[in-house]
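First comes the structure, then the notes that go with it.
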Amino acid sequence: MENKFGTDVKRITCFLPKGAGIRLVERLHVEKNIDSTNVHTGRGLRTVESVKDYGAWTEQDVLTVVVDAEQADEIFAFIFFQGELNKPGGGFIYQTSLVKSSHYRLPRMED
Amino acid sequence: MSLREITVLSDIALITCIVQRGLADTIIGAAREAGAQGATVHFARGMGVRERLGILGVAVEVEKEVVDIVVSKEQVERVFERMYLAGNLDTPGMGIMYITPLDKAATYIPPEVLKKFAADEDAKTPKKNKA
């Protein structure tokens, strides 16, 4: 199989308020043509910005997407702004390098 | 700061700690005492040492909690060590933890914090002599 593995790939993970993960999955699919994403839920303790934040656990979505390195900055910025991570309580996003990744893409219809 | 700017954080690392269900809060408490700001926990199911301990394996919980904590590289060794000790990870079956270096990260940073950093950077930069 062609392109079975990708080696220059990045994993972008972000912690988001509950519900934001699925919305971003839809937008990544529609606007960036990314079909493979994962969302799971957890609980999060945010950085203390005021007294009421101290010790306050909230439900969180954790979104993970694996992308080619050349596309990583674009997707990182897309998630950052569309997920409203630039606002207080918006969450946290980070990117890591991967050694290898499976790389299956659906064949085109004419193939 | 404009709304379209990303303040990228570098020199950071992710500490992941996988422990038996119910132990995450103790470990997060230790991490926060050591300087960690936030944490995320999710549930998982694990296997490994439990199966190899034979009858003693019943003492190891199958359900796990996975703790993710992002810290600066300056803090990472200290936080890691405190979490390790709090979780008794030197005991078989208690769990595993590891550090992943991160390329970059971003989040909301209050404007007053950004201003303070900008002022600190300006103070560090040597002033050029006027001709």
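Below, read A as the first sequence line, B as the second, and so on, with proteins coming before strands; counting in each chain starts at 1. Because the structure is predicted, anything quoted here is derived from the model rather than measured. Values below: every heavy atom of this structure, side chains too, minus hydrogens, waters and symmetry copies.
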task = Please lay out, stage by stage, how B:I15 and B:V71 fare under the test side chain to side chain contact (heavy atoms under 4.5 Å, CB included).
result = CA-CA 8 Å; B:I15 302 175; B:V71 290; 3.9 Å; yes

message = Contact between A:D68 and A:D8 at the side-chain level, heavy atoms closer than 4.5 Å - yes or no?
response = no

By a 4.5 Å heavy-atom criterion (distance strictly below it), what part of [X] contacts chain B: side chain, backbone, both, or neither?
{"X": "A:T41", "result": "backbone"}
{"X": "A:Q95", "result": "both"}
{"X": "A:A72", "result": "neither"}

Can you measure from [atom1] ([X]) to [atom2] ([Y]) and round to the nearest 0.5 angstrom?
{"X": "A:N86", "Y": "B:I6", "atom1": "CG", "atom2": "CD1", "value": "8.5 Å"}
{"X": "B:E63", "Y": "B:Q20", "atom1": "CD", "atom2": "CD", "value": "11.0 Å"}
{"X": "A:K10", "Y": "A:S101", "atom1": "NZ", "atom2": "OG", "value": "12.5 Å"}

request  = Check A:R43 against B:A24 and note the closest heavy-atom contact, atom names and distance.
outcome  = NH2-CB, 4.1 Å

inquiry  = Does anything in residues 12-36 of chain A reach chain B? List residues with heavy atoms under 4.5 Å apart, or say none.
reply    = A:F15

request  = Heavy-atom distances under 4.5 Å only: say whether B:L14 touches chain A with side chain, backbone, both or neither.
outcome  = side chain

ask   = B:V66 versus chain A, heavy atoms under 4.5 Å apart: side chain, backbone, both or neither?
value = neither

query = Checking side chain to side chain contact (heavy atoms under 4.5 Å, CB included) for the pair A:Y94/B:L9: CA distance, chi angles, key distance, verdict?
reply = CA-CA 9 Å; A:Y94 62 83; B:L9 309 171; over 6 Å; no

task = Considering only NZ, NE, NH1 and NH2 on the basic side and carboxylate oxygens on the acidic side, decide whether B:K124 and B:D120 come within less than 4.0 Å.
result = no

ask   = So does B:K115 pair up with B:E112, basic N to acidic O under 4.0 Å?
value = no

message = How about CD on A:Q71, more than 12 heavy atoms from neighbouring residues, nucleotides or ligands closer than 6.0 Å, or not?
response = yes

inquiry  = Just so I understand: if I count every heavy-atom pair under 4.5 Å between each of B:D25, B:V113, B:I28 and chain A, which residue has the most?
reply    = B:D25

query = Out of B:T40, B:V70, B:D68, which one pairs with A:F92 under the side-chain contact (heavy atoms from CB on, under 4.5 Å) rule?
reply = B:V70

message = Are there residues of residues 85-104 of chain B whose heavy atoms fall under 4.5 Å of chain A's heavy atoms? If so, which?
response = B:T100, B:P101, B:L102, B:D103, B:K104

Expected output: side-chain B:R78 to main-chain B:A34 donor-acceptor under 3.5 Å = yes

